[in-house]
Structures are given as C-alpha cells and as structure tokens.
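Heads up, the thing below is written out as structure tokens.
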Amino acid sequence: MEEKELNKVYNPKDVEGRIYETWQKKGYFRAEVNKSKKPFTIVMPPPNITGRLHMGHAMDDTMQDIIIRFKRMQGYNTLWVPGTDHASIATEVKICEQLQKEGVNKDEITREEFLKRAWAWKEEYGENIVSQIKKLGSSCDWSKQRFTMDEGCTKAVREFFVRLYEKGFIYKGEKLINWCPKCRTSISDSEVNFEEKDGNFWYIKYKIENSDEYLIVATTRPETMFGDAALAVNPNDGRYKKFIGKNVVVPVVGRLIPVVADDYVDIEVGTGVLKITPAHDPNDFEVGLRHDLPILNVMNDDATMNENTGEYEGLDRYVARKKLVKNLENNGYLVKIKDIKHNVGTCYRCSSVVEPRISNQWFVRMKDLAQPAIECVKNGTTSFIPERFSKIYYHWLENIKDWCISRQLWWGHRIPAWYCDDCGHMNVSREDVKKCEKCSSENLCQEEDTLDTWFSSGLWPFSVLGWPEKTPEFEYFYPTDVLVTGYDIIFFWVVKMVFSSLAMTKREPFKNVLIHGLVRDSQGRKMSKSLGNGVDPLEVIEKYGADALRFSLIMGNSPGNDLRFFNEKVEFCRNFANKIWNAARFVHMNTDGKNVNGELPENMCVTDKWILSRFNKTAKEVNDCLEKFELGVAAQKLYDFIWDEFCDWYIEFSKISGDKNVLLWTIKNILALLHPFMPFITEEIWQSFPHEGETLMLCKYPKCDENLIDKNAEESVKILVSVIKSVRNMRREKNVPHSKKIALYVETDNLGYEDILSKNSDAVVKLAGLKNLSISHKFDVPQSTTIINDFVKIYVPIDDIVNRADETIRLQKERENTLTQLEQVENRLKDDKFISRAPQKIIDGARENAETLRRKLEKIEQSIEDLK
RNA sequence: GGGAGCAUAGCUCAGUUGGUUAGAGCACUUGCCCUACAAGCAAGGGGUCACAGGUUCGAGUCCUGUUGUUCCCACCA
C-alpha cells in the first residue's frame with residue numbers, strides 16, 4: 001500500500017477485502033511460542049459447521065478481536081485460536097434432511113455410508129462460517145484452526161473418556177433419561193426446553209381389588225397407564241390411609257398394582273393420588289426405587305406404543321392416548337376431563353415433545369467433579385465479568401445431576417468401549433481394541449453410541465493446544481486468558497470446560513469469562529428463524545462496512561446486557577467512520593508535501609498542548625477500560641474524543657494556528673487507539689500517512705504520557721471555547737447569522753484570561769464570526785448586549801437588535817439562575833457537617849465554584865445597572 | 001416455587017470506587033454549503049433518574065420494601 005489521494009466518501013468495500021488479505025498473507029495473525037514474550041491467549045467458541053454467521057457471532061467475535069488486537073499492540077504474544085464444532089445432533093439432522101430429499105431413510109444406509117456423507121457435508125459447508133468470520137476482520141491465527149472431530153481432538157476425547165472411566169467417574173446404567181423421539185436419541189437435562197402448552201387432566205378411576213371402592217387419579221399422560229407399577233398417596237393423607245397396602249386394578253389393562261405411601265405425593269395437588277410409572281417419569285422412577293417397583297417400558301424409540309400395550313402396539317403415543325381415553329370413557333373409568341396449561345419438555349434441536357424414558361446410557365458422575373469447578377471461581381482463579389454470572393454458575397453446579405453423555409447418533413465421537421461377544425466383558429481403551437483383555441477373543445464390537453457434543457467442546461481450550469501431548473504450545477499458551485461467550489451457554493459449555501480442564505490439566509481453562517448478552521431485533525425480540533427477524537451481519541457489512549457493524553455492536557453496551565440491533569445505529573457508526581476519513585483528508589491537505597513528519601516540536605501553542613493533553617487523558621481512559629474489558633465505555637470515549645474534541649475543535653483551531661506536526665501526530669495516534677475497534681479504516685488511513693513499520697496492527701498501542709498532560713492548556717482552551725460558545729449562543733438568541741460579522745469587546749481584569757484571548761484572538765475571531773476582538777479590563781460600550789460567562793464579560797454592540805427592556809429582562813433571568821445556583825453552593829458551604837466530613841477536594845471545588853458565581857452575579861448586576 | 005436482570009429525554013441506551021448544573025445517538029425546533037466531512041456544521045427545547053422509606057454532609061449510584069417488566073433454574077399429578 002502506498003500513499004495516495006483519499007476519496008471524499010469512505011468506501012469500505014474498496015478497502016476491507018484487500019487489507020484483510022494483506023494481513024493474512026504477511027502472517028500478522030500468526031503466533032509462535034516465544035518464551036521471551038508474555039503470551040495472551042483466546043480460544044474462539046467454535047461455531048457449528050451447520051451454522052451461518054449471525055449477529056451473536058458477530059458480537060462475540062468482535063469483542064474477542066478488540067481484546068486480542070489491543071493485547072497484540074501492547075506487545076503480548078497473542079494467540080487467538082479459531083475452529084469449528086461438529087455439532088452432532090444439528091449436523092445429523094441436516095444429513096437426514098438431505099437423505100430424505102433423495103427419498104432415503106437413515107435406517108436404509110449403513111453407518112459408514114452415513115458418515116461418509118457427513119464428512120462430505122463438513123468439507124463442503126464447514127468452511128462457510130469461517131469465511132464469514134474473516135469478513136468481520138477477526139485476527140485469528142488461521143494456521144491453527146481446529147475442528148472438534150479432527151485427529152487431535154479425537155485423541156483428547158478418548159484420553160478424557162478413559163481417564164474418567166478409570167477413575168470411576170463414568171458409568172453405564174439403566175436410568176431415566178430424556179428421549180427425543182424425532183432425533184431418536186437421548187438428550188441431557190440441559191438440552192430440554194420447557195414450553196407451556198395446552199393439555200388435559202384426565203381423572204381416572206382405579207378400583208380397589210375385591211371392593212366397590214375406588215381411587216381417582218389425575219393424569220396428563222393416560223397412555224403411560226400400561227406401565228403403571230403402583231398408586232401412591234401421602235402417608236399423612238387421612239382420606240387414603242386405609243387404602244395403603246391394598247391392591248388396585250389398572251383400568252383396561254386389568255393388572256393388579258399396590259397402593260404405596262410416599263412423602264413425595266403432595267396432598268394438595270390433583271386428587272392426592274398419584275399413579276407411579278417408573279419407566280416414564282423421573283419422579284416416579286425415584287418413587288419406584290424406594291418401593292422396589294417393577295419398571296415397565298411401554299414405548300418404542302419413535303414414541304409408538306410397544307409390545308407391552310396389547311392392541312395399542314404400534315400406535316403413536318398421541319393416537320394411543322385418544323383411543324385409550326375413549327376406551328376408558330366407554331367402560332366408565334373416566335370421571336372428568338379438565339383443561340390445563342402445563343410445561344412440556346421439548347428437544348432443543350427439533351422441538352418435539354421429549355419422552356422421559358428408562359434407557360441404558362452412559363453417565364458422568366458429576367458431584368466430585370463439580371466441587372473443584374465451584375472452588376475455581378470462588379477463590380478467584382477464574383472470574384466472571386460481570387461478576388453476577390458466577391451466581392448462576394454456582395447454582396447450577398451445586399444442584400448438578402449426573403450427565404448423560406451417550407447419544408444414539410452416528411455423527412460424533414464413538415464411545416471407546418468394545419464388548420466381547422464371547423465373555424461379555426467391556427473393554428474401554430484409548431486405542432481401538434482388537435482382542436478382549438479378559439478372554440483374548442477377537443469377537444468384539446464397539447459401542448454404537450456416540451458422545452454428547454459438549455463432551456468434546458468441554459475440552460476445547462486445551463485440546464486445541466495439543467493436549468494430551470505436552471506440546472510447546474500447550475505449555476506456553478495455556479491456561480488461556482479470557483473466554484468470551486453469551487450467558488445462554490454457561491450451563492452447556494462454560495461449566496463443562498472448567499471441570500474438564502481442572503480434572504485433566506489441573507489448571508483453570510481461562511482466567512476470565514467475559515459474558516455478553518443476546519443481540520435482539522429492534523423490538524427487543526430474540527432473533528430467530530421462525531420469526532424471520534434475524535439480521536444478516538454479512539448484509540450489514542456489505543451495506544455499511546465491517547468497522548461500522550463492529551462499532552455498533554460494541555459502543556455504549558455494557559457487559560452481560562442484551563443489545564437491540566438498529567440499522568440507524570450502524571448508520572451513525574458508519575458516519576463516524578466517514579468523519580474520521582474526512583479528518584484524515586484534512587490532515588493530508590495540510591501536511592502533504594510540506595515537510596511534516598509528525599514529530600512533536602519543542603515549543604507548542606496552547607491549542608496544540610491542549611489536544612495532546614486531551615489525547616493522553618483519553619488514551620488513559622481507553623486503556624483502563626480495555627484492561628477491565630469495558631469495551632462499550634472505551635468505544636464511547638473514543639467516539640466523543642474524536643468527534644467533539646479532535647474534529648469539532650482541534651481541526652477548527654488548526655485552520656488558524658498550530659503546528660502541523662501535532663496535527664499529524666494526533667491523528668496517527670488516534671488511529672492506533674481506535675484500531676482494535678475499527679481495524680480496516682484505521683489501517684487504510686494509517687498507510688496513507690508517512691509511517692514506520694509495515695502495519696498499524698503491530699504498532700505500539702498508545703499509552704498515556706503524563707508529560708503531555710497540561711492542566712493550564714486545558715484551562716486556557718476552556719476559556720476560548722467558552723467565549724466562542726457564548727457568542728454563538730447570543731447569535732441564536734438574537735437571530736444574528738454567522739455571516740454577519742460583529743465586533744466584540746471582552747472585559748476582564750484577569751491577566752491570564754487577557755493573555756490567552758489576545759494570543760488566540762484569530763481563532764476567536766474566526767470561530768465566533770467576528771469583525772474584530774478588543775480586550776481590556778474596562779469597557780463602556782453603549783447600545784450593546786452583554787454576555788456574562790463563567791470567565792469574562794462580553795459586550796456586543798449591535799444597534800438594530802438591542803432593546804433595553806428585553807435586555808433587562810434577559811439579564812434578570814440570568815441573575816435569578818445564577819443566584820439560585822449560588823445559594824445552593826453557599827448553603828452547602830455553611831453546613832458544618834459538610835465542611836467537617838466532606839473531602840477537602842470537594843470543599844475546595846465548592847468554594848471555587850461559589851467564587852465564580854459571585855463574580856458572575858456581580859457583573860450581571862452591574863450590567864442591569866448600566867442599562868437603566 | 002427459587003434466583004437474576006432491567007425501570008434514566010419522545011425512542012434506543014451510557015452513567016466508573018456516592019461528589020457540584022445527569023450524558024450520547026436518533027427524532028424535534030432554528031440557522032448555516034464557514035474550501036475535511038450535508039454520512040456535515042452551529043445553537044436550542046425536552047428528565048420528580050418507576051414508587052416509598054432508609055444510610056450519608058451529599059444518592060441516578062448503597063440498603064430495605066412496593067409496583068411493572070424480561071430472563072434463567074426447578075417442574076409434564
């Protein structure tokens with residue numbers, strides 16, 4: 001890139017692709033182990049290979065890129081590892097859909113054929129999202145890109161599984177799990193969403209054996225009756241005490257089951273009698289265990305009724321329900337039907353109603369693994385930002401249940417267990433087993449089930465660095481510094497990474513967890529496919545540019561809070577980019593070919609000193625905010641400084657006076673300070689100025705230089721600005737257009753004020769639209785309007801517009817306002833408690849303020865006097 | 001049932017460990033092409049910081065309660 005003329009309007013499309021390619025080609029994103037430098041590591045949450053970039057990713061990746069660019073410019077050896085997730089259920093669903101389109105059913109092809117398709121799918125679409133992430137400007141080390149099912153990750157998964165198994169944390173057993181009949185797999189508790197749906201209570205009579213008496217049970221799922229193992233009542237329920245121990249007849253089915261007493265039964269709910277179906281309800285399962293009840297499964301994988309349901313076998317659960325209710329009604333067992341609303345568990349992937357079901361699955365015993373994960377945050381090894389999310393994290397871990405990790409899917413990490421056909425022994429091993437370790441038989445078959453996706457993504461922060469090998473990368477870059485993710489994924493993912501990491505590496509996976517909210521639509525609704533309200537980040541980039549999108553997702557947003565997405569906001573961020581672009585054009589016009597090198601001169605005028613002071617203060621604030629991950633505030637500070645102080649004031653001043661080296665110095669440092677937020681435009685402009693080094697992204701991040709903080713200069717410019725603003729204000733009040741040049745008399749007995757105003761009179765004349773500026777300690781200007789600001793008294797003679805009566809009224813109003821303010825301050829200063837307890841700094845401030853107001857009041861009163 | 005967030009200008013949101021007169025963008029009003037920028041410049045109007053108490057010299061900020069609202073967890077008798 002060479003120096004060249006800049007267009008009048010910034011066009012991101014001409015810039016972004018070209019710059020990104022250069023960055024990548026030059027290898028600026030690459031990180032190598034270098035023990036002489038301090039590492040800073042972020043591992044990107046891997047997007048699903050089924051995914052398309054959405055606003056959530058855009059925000060997540062922008063946050064990470066800002067942090068990583070900041071740290072890179074600070075001199076850290078920064079590594080940002082990207083990658084993708086195989087997303088077992090989501091991808092399997094896609095493959096099945098693809099098959100269906102060809103008229104093929106999943107059971108009609110072999111596992112091998114299926115996997116071949118899945119890999120082909122991954123190859124074809126898996127990189128889509130990667131190219132989209134690049135469009136954002138993300139500076140990840142693409143040479144270290146990983147995939148949760150690549151060789152290394154697979155090795156890590158096996159190592160993790162076997163180690164947990166050997167320590168007894170993994171077991172296989174018949175337990176009640178959530179079953180999705182559509183995906184035909186088990187899913188974990190956190191993968192179930194509860195949705196409120198309309199339903200019914202069916203009140204059904206269960207006759208007591210050899211008696212005319214009966215108990216009435218209210219149920220929402222009558223079809224599970226076939227699996228009833230008992231009725232249960234509360235032992236303290238007087239109504240039913242006499243039935244405890246007796247048998248009842250299951251209607252229609254005719255089977256005898258006992259009435260048991262159990263505290264779980266709530267006397268208040270329903271009829272106070274509960275049917276116990278251990279194979280199809282988690283609570284019933286527990287009750288069943290306590291009373292040693294038989295477990296009778298009544299459904300198939302696809303939620304049709306099974307062989308235990310007689311004539312109902314083969315019917316879908318809802319068809320069977322209808323038929324059964326009819327049957328109950330016809331035979332006089334149905335007492336009544338009540339409409340209710342209740343929460344029904346649904347699959348987080350396909351939204352089908354989940355069937356709780358007894359099943360033989362693999363589990364991780366969580367309790368002992370959870371404890372260190374709790375400790376890790378409690379003792380501050382890992383911190384949540386904002387802190388409040390640690391509460392959610394604790395609550396979840398403290399109430400943790402065993403984790404069902406087996407899935408009846410093909411796409412994923414197949415569980416490394418081999419069953420011996422001869423002796424039945426189960427071989428669990430890191431390597432594929434060819435021979436039974438017990439009987440040496442070679443008749444082995446591997447477990448059909450695969451592992452939950454989160455089982456492998458839980459290892460992500462360390463598996464991507466080479467674990468279980470002790471690679472140099474793992475030794476150097478691990479633990480990572482910060483994880484950036486949304487609050488919706490704390491249970492799914494964050495907790496799993498923490499406990500897995502602690503168990504395997506003995507270290508925390510990351511030092512900080514920066515949590516952000518959801519990106520919502522302009523009405524505050526969640527962006528979703530079904531609502532069709534999603535905004536495509538790529539379209540936004542196309543229209544406004546990546547920098548504008550990035551800035552709009554960050555500015556003014558605080559950690560952990562949701563963000564509403566408005567095109568208008570992107571628009572004003574685009575305008576901001578354009579503002580900088582034009583400021584740069586101005587600098588070029590004033591520096592090109594003029595022997596300006598951007599080195600700060602020895603002697604500077606007050607406005608130069610002022611902008612340097614303001615810049616350094618801003619740099620300090622921005623650095624502080626970034627260290628604390630307060631990206632939204634940092635962006636806001638940059639916006640305010642660049643637009644208000646640099647563009648609106650400094651550039652205007654610089655048209656009159658000031659060293660062009662300071663102008664160039666300031667804009668170049670502004671570009672550096674802004675670079676992590678808006679990487680493309682800052683790089684493009686920086687390249688257009690004379691520069692050292694190849695790229696802005698590897699320049700030193702500006703820090704606050706205390707030597708350039710200049711309190712006097714700031715105070716002086718405050719006076720200039722105040723006078724200029726007073727005049728502009730008066731123009732508006734009196735309807736004097738800027739084109740009408742006016743004479744100005746500034747009265748002050750402060751030599752400092754006089755000095756600063758006379759030295760910068762050109763600036764005041766230009767910016768306030770004056771004919772001339774006179775400064776003295778005393779003026780007598782008849783037929784003039786008088787402005788009294790915090791510093792000086794100003795006379796503006798304008799014959800045709802001054803009206804004595806109006807002037808008096810205006811000044812009296814002014815007097816009232818000032819008086820009220822003065823009273824407030826004086827009251828405070830009269831308060832002994834304030835004087836004795838407030839810090840000296842505040843008291844001094846108040847005194848100074850009172851003095852200023854008093855002087856102002858004096859001047860106003862005198863002016864009123866003069867008008868008489 | 002348990003927990004958390006939010007409530008600030010017409011709208012969307014900032015507001016650092018409590019500190020003088022509470023900010024921004026958009027929208028609105030008025031005037032401007034002043035040779036970087038009309039995707040702009042200048043100026044202005046608009047707020048009982050949800051309500052009620054409390055702590056404090058001082059509360060948008062801390063504490064308690066109330067109301068409204070959103071979300072998370074638990075839960076399909």
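So that the names make sense, note that chain A is the first sequence line, chain B the second, and so on, each numbered from 1. Keep in mind that what you see is a predicted model, and the values were worked out from it rather than measured. Below, all heavy atoms of this structure are taken into account, side chains as well, without hydrogens, waters or symmetry copies.
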**Message:** For A:T785 and A:R810, which I'm curious about, is there any donor-acceptor pair between the side chains at under 3.5 Å?
**Reply:** yes

**Fill in**
Rounded to whole Å, CZ of A:F384 lies from C1' of B:G3 at a distance of 16 Å

**Request:** Using atom OH of A:Y639 as one end and atom P of B:C13 as the other, report the distance to the nearest whole Å.
**Result:** 17 Å

**Request:** Answer with base, sugar-phosphate or nothing: what part of the nucleic acid does A:N729 contact at a heavy-atom distance below 4.0 Å?
**Result:** sugar-phosphate

**Asked** P atom, B:C41 versus B:A36: distance in rounded Å?
**Response** 13 Å

**Asked** Can you name the residues that form a ring pair (Phe, Tyr, Trp, His ring centres under 6.0 Å) with A:F384, not counting sequence neighbours?
**Response** A:Y393

**Prompt:** Can A:E826 and A:R847 be counted as an ion pair, charged N to O under 4.0 angstrom?
**Reply:** no

**Complete:** Residues of residues 841-853 of chain A with a heavy atom under 4.0 Å from any atom of RNA chain B, listed by number, are A:I842, A:G845, A:N849

**Asked** Between A:F243 and A:L215, does a side-chain contact (heavy atoms from CB on, under 4.5 Å) hold up when you go through it step by step?
**Response** CA-CA 9 Å; A:F243 299 114; A:L215 290 171; 3.7 Å; yes

**Prompt:** Which part of the nucleic acid, if any, lies within reach of A:V344 when heavy atoms closer than 4.0 Å are counted: base, sugar-phosphate only, or nothing?
**Reply:** nothing

Under-3.5 Å N/O pairs linking protein and nucleotides 60-65 of chain B:
none

**Request:** Could you tell me whether A:V354 contacts a base, only the sugar-phosphate backbone, or nothing, with contacts defined as non-hydrogen atoms closer than 4.0 Å?
**Result:** base

**Asked** Residues two or more places apart in sequence or in another chain: which of them pass side chain to side chain contact (heavy atoms under 4.5 Å, CB included) with A:K655?
**Response** A:F586, A:I651, A:E652, A:K766

**Request:** Answer with base, sugar-phosphate or nothing: what part of the nucleic acid does A:D488 contact at a heavy-atom distance below 4.0 Å?
**Result:** nothing

**Asked** Shortest non-hydrogen contact from A:I794 to A:S726?
**Response** CD1-CB, 4.1 Å

**Item:** Nearest-Å distance for atom pair CG/C1', residues A:N827 and B:U21
**Value:** 16 Å

**Request:** Grab the NZ-P distance between A:K830 and B:U20 for me, whole Å please.
**Result:** 21 Å

**Request:** Sequence neighbours left out, what passes side chain to side chain contact (heavy atoms under 4.5 Å, CB included) with A:A838? Give chain and number order.
**Result:** A:F834, A:I843

**Request:** Kindly point out which of B:U16, B:U21, B:C75 is positioned nearest to the side chain of A:K637?
**Result:** B:U16

**Item:** Under 4.0 Å protein heavy-atom contacts per nucleotide of nucleotides 4-12 of chain B, with B for base, S for backbone only and - for none
**Value:** SS------S

**Request:** For residues A:F680 and A:A546, report the shortest heavy-atom separation together with the two atoms involved.
**Result:** CE1-CB, 3.8 Å

**Prompt:** Which nucleotide in the list B:C34, B:C76, B:G15 gets nearest to the side chain of A:H342?
**Reply:** B:C76

**Prompt:** Do the numbers put A:K205 on top of the ring of A:Y333, so that NZ or CZ is under 6.0 Å from the six-membered ring centre and no more than 45° off the axis?
**Reply:** no

**Item:** Same-atom distance (P) from B:A50 to B:G15, integer angstrom
**Value:** 15 Å

**Message:** Mind checking if A:D624 touches a base, just sugar-phosphate, or nothing, with heavy atoms under 4.0 Å?
**Reply:** nothing

**Message:** I need the CG-P distance between A:L274 and B:C76, as an integer number of Å.
**Reply:** 10 Å

**Complete:** Separation of B:C75 atom C1' from A:N399 atom CG, nearest Å, is 14 Å

**Item:** By ring pair (Phe, Tyr, Trp, His ring centres under 6.0 Å) - contacts of A:F551 (at least two apart)
**Value:** A:F576

**Item:** Non-neighbouring partners of A:D832 that pass salt bridge (charged side-chain N to carboxylate O under 4.0 Å, His left out), sequence neighbours left out
**Value:** none

**Item:** Dot-bracket summary - RNA chain B, pairs being Watson-Crick or G-U whose distances fall under 3.5 Å, with | when paired to another strand
**Value:** (((((((..((((.....[...)))).(((((.......))))).....(((((..]....))))))))))))....

Can you list, pair by pair, the side-chain donor-acceptor contacts under 3.5 Å of residues 625-632 of chain A, counting residues two or more places apart and other chains?
{"residue": "A:E627", "atom": "OE1", "partner": "A:K71", "partner atom": "NZ", "Å": "3.2"}
{"residue": "A:E627", "atom": "OE2", "partner": "A:Q74", "partner atom": "NE2", "Å": "2.9"}

**Request:** For A:R585 and A:N582, test the side chains for any donor-to-acceptor distance below 3.5 angstrom and give the result as yes or no.
**Result:** yes

**Request:** Have a look at A:V265 and say if it touches a base, only the backbone sugar-phosphate, or nothing, with a 4.0 Å heavy-atom cut-off.
**Result:** base

**Prompt:** In chain order, what residues pass the side chain to side chain contact (heavy atoms under 4.5 Å, CB included) check against A:R728, with sequence neighbours excluded?
**Reply:** A:W649, A:I724, A:L767

**Request:** Step by step, work out the salt bridge (charged side-chain N to carboxylate O under 4.0 Å, His left out) result for A:D521 and A:R564.
**Result:** CA-CA 6 Å; A:D521 75 357; A:R564 288 196 198 196; over 6 Å; no

**Request:** Would you kindly give the CD-to-C1' distance between A:Q824 and B:G58, to the nearest whole Å?
**Result:** 12 Å

**Prompt:** Which part of the nucleic acid does A:H738 contact within heavy-atom distance under 4.0 Å: base, sugar-phosphate only, or nothing?
**Reply:** base

**Message:** Checking contacts here: which listed nucleotide (B:U21, B:G19, B:C71) is nearest the side-chain heavy atoms of A:Q821?
**Reply:** B:U21

**Prompt:** Between B:G15 and A:Q636, is there an OP1 or OP2 to side-chain N/O distance shorter than 4.0 Å?
**Reply:** no

**Message:** So A:K569, base contact, sugar-phosphate only, or nothing? Heavy-atom distance under 4.0 Å.
**Reply:** nothing

**Request:** Report yes if at least one side-chain N or O of A:N193 is closer than 4.0 Å to OP1 or OP2 of B:C72; otherwise report no.
**Result:** no

**Message:** Whole angstroms only, please: what is the CG-P distance between A:D831 and B:U56?
**Reply:** 14 Å

**Asked** Any side-chain donor paired with an acceptor under 3.5 Å for A:Y264 and A:N234?
**Response** no

**Message:** By the 4.0 Å heavy-atom rule, please label A:T271 as base, sugar-phosphate, or nothing.
**Reply:** nothing

**Message:** Looking at A:R239, is its backbone amide N or carbonyl O close enough to the side chain of A:D237 to form a donor-acceptor pair, meaning the two atoms are under 3.5 Å apart?
**Reply:** yes

**Smallest separation among heavy atoms of A:T271 and A:Y240, with atom names** = O-OH, 2.6 Å

**B:G60 and B:A74, which share atom name C1', separated by this distance in whole Å** = 35 Å

**Request:** Examine the side chains of A:T618 and A:E621 and answer whether a donor and an acceptor come within less than 3.5 Å of each other.
**Result:** no

**Prompt:** P atom, B:U16 versus B:A22: distance in rounded Å?
**Reply:** 16 Å

**Request:** For each nucleotide in nucleotides 35-41 of chain B, reading 5' to 3', give B when a protein heavy atom comes within less than 4.0 Å of its base, S when such contact involves only the sugar-phosphate, and - otherwise.
**Result:** -BBSBSS

